[in-house]
Undergrad: 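The structure is given below, and queries will be raised subsequently.
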Amino acid sequence: MFEFRIIAQCPKTGARAGEFVTPHGIIHTPVFMPVGTLATVKAMSPRELEEIDAQIILGNTYHLYLRPGPDVITKAGGLHNFMNWGRPILTDSGGFQVFSLARLQKITDEHVLCRSHIDGSMLTMSPEWSMKMQGVLGSDIAMCFDQCTEYPTTHEKAEEAVRRTTLWAERSRSYFMAHNDPERQALFGIVQGSVYDDLRLRSAEEITGLDFPGYAIGGLSVGESHAAMYHALDVLDEVMPRQKPRYLMGVGYPLNIVEGIARGIDMFDCVMPTRNGRNATVFISSGRLNMRGKSHADDFSPLDPECDCYTCRNFSRSYLRHLAMCGEILGSRLFTWHNLRFTIRIAERAREAIIAGTFPEFLRDFTEKFHDENEDNNSDS
RNA sequence: GGUGGAAUGGCCGAGUGGUCAAUGGCAACAGACUGUAAAUCUGUCGACGGGAGUCUACCAUGGUUCAAAUCCAUGUUCCACCA
């Protein structure tokens, strides 16, 4: 179980196509994984996710611990059964909430004391707590409990996070090996280090030294420039084992995905397709569109003529804008549907190109075609 | 016919002498969103001007006052109740 096979590699870039074997099926990489924090990919049913070829989705340890809680998940027979999703699931450890809920908590080496964002009650998060809960969830891939640093951050703080992330990775691993089932669940390590090369290298060395079946890169896509993100990936490409799957956490902006693939990343996840979809912003071949814009009011063409999704094959921009302006739930669903399919297809197309030996051309064409002012404005601060 | 009440910016609706180009909300327009405290959040929202500022505005007309969306008179329209 959890064998990772590389079936094709790009001779000019670091891109590769692979297969990762899990208890709920083989994941074909590169892959984009929709985020389903609360045991649902917002606005989409499992059947619809299958239709758009979502191979694996995420769930979140922190959120599912609070609601519905481990008892209900246990009685349900695990997260797959609970939400009726038969394909692989990856669970995040709650480590990202150490970052996103920073105002509600106190971090020490021992644990993270956190106030529930729901009712303010106290909860103690730790590597052991996370492994136990991820065992209850029964995900195919569990993540180490890590400390994601904010951006910008000082070298000193980033170093502390690296040190703590390694400490927590050791504890995650040791609890996991003792109490979870390594035949049914793979535990991935996470590399931190912010934008500091020396810390990235050190973190990679320490984490890969623990011999996990896969490795994630955390602490990126938190506000740094795209150039800084790519630089970190370049630095890590040299030192992370190539025979193991690599997962770039939180990345889902279209250009970031193709650039990530070019740097040897196999797995991505991001809330952007779902969240932006709900907020009426879509990604199409030529860039991004705010579908609330008046310019779409009488545009009866599809969102993206090149897209094969249900939304693009059946509805006009005019109608979709109307749904958005009225706050209709169908608008959120159709935009989410498109964004997810579009993003998943980026990974699919990259994979096809890698196998066909044309990845450099794909990368060039995609980048030339996809225009976004945001990309140019995203500079280092 | 009588009595009482009300008329405010695209809409709803605060404001009862100066700090009011006028609180709020909605609509509209624009923007943001990267391991989801997000079907959320931010900005603009009378006209002209780069700005200082100027002009036009709270039903209409006239008046009181240094000063009126706010007070008075008349008119118009609407609402409620009584005949």
Side-chain angles (χ1 to χ4, degrees), chain A residues 32-44 56-64 66-67 90-105 114-120 130 139 141-149 151 165 188 190-192 216-226 229 247-257 259-260 265 267-283 288-297 321 323-336 339 343 372-375 377-378:
Chain A
F32 176 78
M33 311 182 284
V35 177
T37 304
L38 281 162
T40 165
V41 175
K42 295 183 192 294
M44 298 289 283
I56 169 174
I57 63 173
L58 263 66
N60 187 284
T61 300
Y62 166 82
H63 294 268
L64 293 170
L66 292 180
R67 290 191 301 205
L90 181 151
T91 42
D92 190 25
S93 61
F96 187 70
Q97 279 61 48
V98 175
F99 158 78
S100 65
L101 301 174
R103 281 167 290 274
L104 298 173
Q105 59 191 222
C114 182
R115 288 205 172 276
S116 157
H117 71 278
I118 296 166
D119 65 4
S130 178
S139 52
I141 302 171
M143 300 303 299
C144 281
F145 191 68
D146 67 325
Q147 183 181 354
C148 178
T149 41
Y151 181 86
T165 292
F188 278 25
I190 304 176
V191 174
Q192 289 289 339
I217 299 164
L220 291 176
S221 64
V222 288
E224 79 283 0
S225 71
H226 292 176
M229 179 195 293
Y247 163 27
L248 178 54
M249 306 186 81
V251 166
Y253 189 71
L255 291 172
N256 292 165
I257 291 175
E259 294 288 353
I265 303 298
M267 304 162 67
F268 302 84
D269 81 283
C270 190
V271 303
M272 194 165 274
T274 42
R275 181 185 289 168
N276 281 28
R278 271 174 281 126
N279 296 330
T281 294
V282 295
F283 297 100
R288 89 155 74 183
L289 291 178
N290 179 347
M291 285 306 296
R292 279 193 283 247
K294 184 162 192 151
S295 59
H296 306 113
R321 172 181 191 267
L323 294 179
M325 294 309 286
C326 295
E328 279 294 332
I329 199 165
L330 181 61
S332 294
R333 276 173 44 66
L334 293 175
F335 290 135
T336 299
N339 278 346
T343 310
D372 195 322
E373 291 167 9
N374 278 14
E375 176 72 352
N377 295 339
N378 195 324

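So you know, we letter chains A, B, ... as the sequences are listed, proteins then strands, and number each from 1. Because only heavy atoms are used, hydrogens play no part in the values below, and waters and symmetry mates are left out as well, while side chains stay in.
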Undergrad: Are OP1 or OP2 of B:U36 and a side-chain N or O of A:Thr37 less than 4.0 angstrom apart?
TA: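 It does, given that an N or O in the side chain of A:Thr37 lies less than 4.0 Å from OP1 or OP2 of B:U36.
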Undergrad: Using the side-chain heavy atoms of A:His63, tell me which of these nucleotides is nearest: B:U36, B:U34, B:G35.
TA: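 Comparing B:U36, B:U34, B:G35 against the side chain of A:His63, the answer is B:U36.
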Undergrad: Would you say A:Gln97 places a side-chain N or O within less than 4.0 Å of OP1 or OP2 belonging to B:G35?
TA: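 Result: no.
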Undergrad: Quick check for you: among B:U36, B:G35, B:A37, whose closest atom lies nearest to any side-chain atom of A:Leu104?
TA: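 Side chain of A:Leu104 sits closest to B:A37.
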Undergrad: Starting at NE2 of A:His296 and ending at P of B:A28, how long is that distance when rounded to a whole Å?
TA: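 Going from A:His296 (NE2) to B:A28 (P), I get 16 Å.
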Undergrad: Does A:Arg288 make a side-chain N or O approach to OP1 or OP2 of B:C33 shorter than 4.0 Å?
TA: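 Result: yes.
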Undergrad: Quick one: look up who B:G31 pairs with, Watson-Crick or G-U, both distances under 3.5 Å, and put none if it's unpaired.
TA: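 Result: B:C41.
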Undergrad: If you only use heavy atoms from C-beta on, which nucleotide in B:G35, B:A39, B:C33 is closest to the side chain of A:Ser332?
TA: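 Closest of the options to the side chain of A:Ser332: B:A39.
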Undergrad: Report yes if a side-chain nitrogen or oxygen of A:Arg292 is closer than 4.0 Å to either non-bridging phosphate oxygen (OP1 or OP2) of B:C29; otherwise report no.
TA: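 A:Arg292 to B:C29 OP1/OP2: no side-chain N or O under 4.0 Å.
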Undergrad: From the set B:U34, B:C33, B:A37, return the single nucleotide nearest to any side-chain atom of A:Asn256.
TA: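 Among B:U34, B:C33, B:A37, the one nearest the side chain of A:Asn256 is B:U34.
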Undergrad: Can you figure out which of B:U34, B:A37, B:A38 approaches the side chain of A:Arg278 most closely?
TA: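 Selected nucleotide (nearest to the side chain): B:A38.
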Undergrad: OP1 or OP2 of B:G31 less than 4.0 angstrom from a side-chain nitrogen or oxygen of A:Asn290, does that happen here?
TA: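 For B:G31, OP1 or OP2 has a side-chain N or O of A:Asn290 closer than 4.0 Å.
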Undergrad: If you look at every strand shown and take non-hydrogen atoms under 4.0 Å, does A:Gly293 touch a base, only sugar-phosphate, or nothing?
TA: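 It contacts sugar-phosphate atoms only.
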Undergrad: The side chain of A:His226 lies closest to which of these nucleotides: B:U34, B:G35, B:A37?
TA: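 When the side chain of A:His226 is considered, B:U34 is the closest of B:U34, B:G35, B:A37.
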